Amino acid sequence: MRIYLTTPIYYVNAYPHLGHAYTTLIVDGVARFYRLKNWQVFFLTGTDEHGDKIQKTAKDKGLSPQALVDEISESFKRTWDYFGIGYSRFIRTTEETHKKTVQRVLQQLYEKGEIYQDEYEGLYCVGCERFLTAKELDEQGRCKDHQKTPELIKEKNYFFNLEKYRSWLKDYIQKNDLIYPAFYKEEVLNMLEEELPPLCISRPKKRLEWGIELPFDKDYVTYVWFDALLNYLTGIGYPEDPNWEAWWKESHHFIAKDILKPHAVYWPIMLKALGLPVYKKLLVHGYWLVDRLKMSKSIGNIVDPVSLSKTYGKDQLRYFLFREMAFGYDAEFSFEAFITRINADLANDYGNLVYRTLNLTEKYFNSCVPPLNGLTEEDQAYLDMVKTALEDYHKLFSELQFHRALERLWEAIREGNVYIDRQAPWSLIKKGELDRAGTVLRVLLEVIKSFAIALSPVMPETSQILLENMSYERPLSWEEVFNFKGLKEGAAAKKGKPLFPRIEDKPKEEEKVVEEKKEETGFISIDEFRKIDLRVGKIVAAEKVPNADKLLRLEVLCPEKRQIVSGIAQYYQPEELIGKEVIIVANLKPSKIRGILSEGMLLAAKDEKGLCLVTPEKEMAPGAKVS
RNA sequence: GGCGGCGUAGCUCAACAGGUUAGAGCAUGUGGCUCAUAUCCACAGGGUUGGGGGUUCGAGUCCCUCCGCCGCCA
């Protein structure tokens with residue numbers, strides 16, 4: 001059995017955020033799940049690197065497009081490596097092999113007459129450097145971003161005829177279980193109710209150079225979808241690699257709902273035109289919302305998965321993402337919900353069951369796996385319950401209903417806490433019934449081992465630690481989940497550190513990864529601005545705050561001496577700050593950060609590359625007003 | 001404007017193709033245990049399933065209509 005899993009290739013105009021991480025972690029979980037079942041798995045992810053946004057961003061930053069995409073692509077790869085994502089291949093659309101195949105496909109379709117040149121007339125905004133659609137215009141017909149009336153210009157371009165295949169696609173989608181969840185299928189069928197306009201697949205080089213050149217016209221590059229979607233084929237070695245077809249037959253594309261149309265409409269039609277079979281499944285998930293809003297740069301509510309996982313744990317984050325979102329629907333991200341999940345489900349239910357079981361084993365059985373001395377009816381009843389829960393978990397996980405799969409498994413975990421309470425091995429020990437107590441603990445150890453294996457797709461690191469702590473040596477496979485004699489009698493079983501420490505504190509201000517929202521209108525009055533007491537301050541002392549990797553404690557003259565705690569430790573060494581003049585907010589309400597009083601804040605600028613303090617252009621007297 | 005989805009306890013979600021007193025978890029209250037990461041266990045309160053009408057022996061589940069939210073297409 002084999003399965004081919006893909007994430008979208010991520011567009012490198014931004015660094016990875018929680019949305020990217022969700023898709024990738026879900027696919028990683030599914031990949032691990034199938035590997036656990038001994039399937040062959042090919043897992044493709046990567047980056048999409050062409051297009052005008054890249055060209056423009058590179059220009060703004062004074063970089064070459066290649067340098068920009070190299071950097072951001074690398075940051076995606078680093079992020080996935082940090083999370084331990086087991087991708088089979090990381091593809092980049094700027095790779096030679098990919099370019100070659102894209103050109104080959106374009107040539108093939110051109111020769112078949114599927115691609116033709118036509119003159120396009122549209123409203124072109126010079127500011128945006130592209131054509132605008134009706135939606136992007138305001139009431140006066142101006143570009144919303146640039147407040148300029150776009151020019152009506154004519155341009156020759158190449159087009160792909162989608163309409164020709166519309167009725168075929170409608171029929172195909174109706175007859176096949178292509179799209180999951182089913183309500184997205186209805187949405188796509190709705191899109192196919194009306195005539196499909198031809199898809200423009202080129203850009204003249206005079207406007208856009210950063211792309212793959214059309215093989216049949218050196219003055220153009222191909223645009224967006226013909227470049228990006230084909231990664232799913234080039235990633236498995238199409239057309240040279242003899243294995244590509246076997247993988248393709250089992251292809252599962254995981255995407256977020258924003259790219260439904262290209263994947264559900266353009267892509268099947270492209271494949272059909274090429275004479276290739278349609279992919280097997282399209283699995284569509286919703287958005288992570290923050291304060292009921294989609295995450296976006298302009299709102300400033302981007303959640304960073306790496307800093308989140310550094311504070312709370314990788315497996316904790318994975319568990320939350322799998323547990324909290326009903327695949328297909330939008331879900332809300334909040335720290336409260338995240339911490340509740342960690343404390344209630346992981347620390348109190350699962351972690352505690354593990355800890356109390358292993359603690360008793362350590363205390364009364366010399367840290368060794370005790371023997372089974374005959375099962376009582378109650379033991380058997382619990383094992384049966386666990387078995388059914390694991391079967392349901394398997395079924396629900398296969399159906400991508402991760403939140404329900406985990407909820408079902410948790411019923412068995414909670415029942416474990418009921419079972420240990422009813423059997424009360426600590427009382428049995430006091431009564432001298434050591435054999436019986438050993439059996440109860442062994443039942444629990446076996447069950448915990450099964451939980452750890454079953455949960456390894458979701459929480460690989462903690463599962464591994466737990467299994468190692470119990471000296472589990474048998475293979476990590478789905479069949480072993482049902483083997484309730486999988487542990488070695490007499491082998492070491494130690495409790496180790498708690499797997500999931502409770503989170504006692506509310507998220508600290510400086511650790512908050514959600515940035516503050518902007519004011520609704522985007523404007524403040526001059527009076528509001530005047531309320532802010534900005535002054536020049538001279539740093540006279542600086543030191544790291546113990547046990548906080550982001551914080552520095554500073555003493556600043558402005559002109560009186562003040563203590564300020566600032567989250568800049570990752571960008572500045574204490575030594576280099578002494579003597580520097582900075583701009584401070586002097587009337588910020590003092591607050592305690594990590595128990596240290598902070599009387600104000602430093603102004604600093606931040607972009608993707610780092611952070612820099614705002615300083616006066618020449619030396620000023622400490623305390624000088626800034627206005 | 002067209003099409004589609006959603007609306008179930010304070011919150012997040014269940015309830016297979018209509019079938020017994022609509023279920024969990026979190027939160028709240030009370031009691032118990034002590035092996036355990038102040039964890040666990042038991043019990044309790046809490047819902048006219050957005051409103052109204054209809055089909056049916058029986059509807060959260062099907063039909064109509066109104067209200068509210070969202071999405072897609074134009």
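From a predicted model like this one, the values you see are computed outputs, not experimental measurements.
- Atom name C1', nucleotides B/G45 and B/G50: the rounded distance is 24 Å, in whole Å.
- Distance check on atom P: B/A59 versus B/A22 gives 13 Å, rounded to whole Å.
- Screening A/L455, A/T462, A/L25 for a side-chain contact (heavy atoms from CB on, under 4.5 Å) with A/R318, the sole residue that qualifies is A/L25.
- Neither OP1 nor OP2 of B/G25 sits under 4.0 Å from any side-chain N or O of A/R414.
- Rounded to the nearest 0.5 angstrom, A/F402 CZ and A/I26 CD1 are separated by 4.5 Å.
- The C1' atoms of B/C33 and B/A14 are separated by 31 Å, rounded to the nearest whole Å.
- Comparing the C1' positions of B/C67 and B/G51 gives an interatomic distance of 7 Å, to the nearest angstrom.
- Residue contacts shown for A/N352 include a base, since a base heavy atom lies under 4.0 Å away.
- At a threshold of 4.0 angstrom between heavy atoms, the contacts of A/E407 are confined to the sugar-phosphate backbone, with no base atom among them.
- Closest to the side chain of A/W426, out of B/C33, B/A74, B/G71, is B/C33.
- The residue A/K395 sits apart from the nucleic acid: no heavy atom pair falls under 4.0 Å.
- The nearest heavy atom of RNA chain B to A/S427 and to A/T340 marks one nucleotide each, and the one closer to the 5' end goes with A/T340.
- Here the side chain of A/H263 pairs no donor or acceptor atom with the backbone of A/L260 at under 3.5 angstrom.
- Residue A/L353 is out of contact with every strand shown, counting any heavy-atom pair closer than 4.0 Å.
- Here the side chain of A/P498 is nearest to one of B/A14, B/C73, B/U37, namely B/U37.
- Cation-pi geometry between A/K53 and A/Y11 is not satisfied (NZ or CZ under 6.0 Å from the ring centre, within 45° of the ring normal).
- Among the heavy atoms of the strands lying under 4.0 Å from A/F500 is at least one base atom, whether or not backbone atoms are also near.
- Here the nucleotide nearest the side chain of A/N359, chosen from B/C40, B/U12, B/C35, is B/C35.
- For B/U39, neither phosphate oxygen OP1 nor OP2 lies less than 4.0 angstrom from any side-chain nitrogen or oxygen of A/N417.
- Checking the phosphate oxygens (OP1, OP2) of B/G4, no side-chain nitrogen or oxygen of A/K185 falls inside 4.0 Å.
- Residue A/K363 places at least one side-chain N or O under 4.0 Å from the OP1 or OP2 atom of B/A36.
- Spacing between B/U55 and B/U21 at atom C1', rounded to whole Å, works out to 25 Å.
- Across B/G2 and B/G47, the matching P atoms stand 39 Å from one another, rounded to whole Å.
- In this structure, A/D421 reaches the bases: a heavy-atom distance under 4.0 Å links it to at least one base atom across the strands shown.
- Taking atom P in both B/G10 and B/C35, the straight-line distance is 39 Å, to the nearest Å.
- Contact annotation for A/N343: no contact, since no heavy-atom pair falls under 4.0 Å across all strands.
- Listed candidates were B/C35, B/C72, B/C26. Nearest to the side chain of A/E187 is B/C72.
- The cationic group of A/R203 lies under 6.0 Å from the six-membered ring centre of A/Y223 and within 45° of the ring axis, placing it in a cation-pi geometry.
- Nearest-nucleotide positions on RNA chain B for A/R422 and A/P501 put A/P501 closer to the 5' end.
- A salt bridge does not link A/K395 with A/E391: none of the charged nitrogens is closer than 4.0 Å to a carboxylate oxygen.
- Phosphate proximity of B/A15 to A/R404: present, with a side-chain N or O under 4.0 Å from OP1 or OP2.
- Atom pair A/I420:CD1 and B/C35:C1' shows a separation of 6 Å (rounding to whole Å applied).
- Residue A/R323 contributes atom CZ, which lies 10 Å from atom P of B/C26 at whole-angstrom precision.
- To the nearest angstrom, C1' of B/C41 lies 16 Å from OH of A/Y419.
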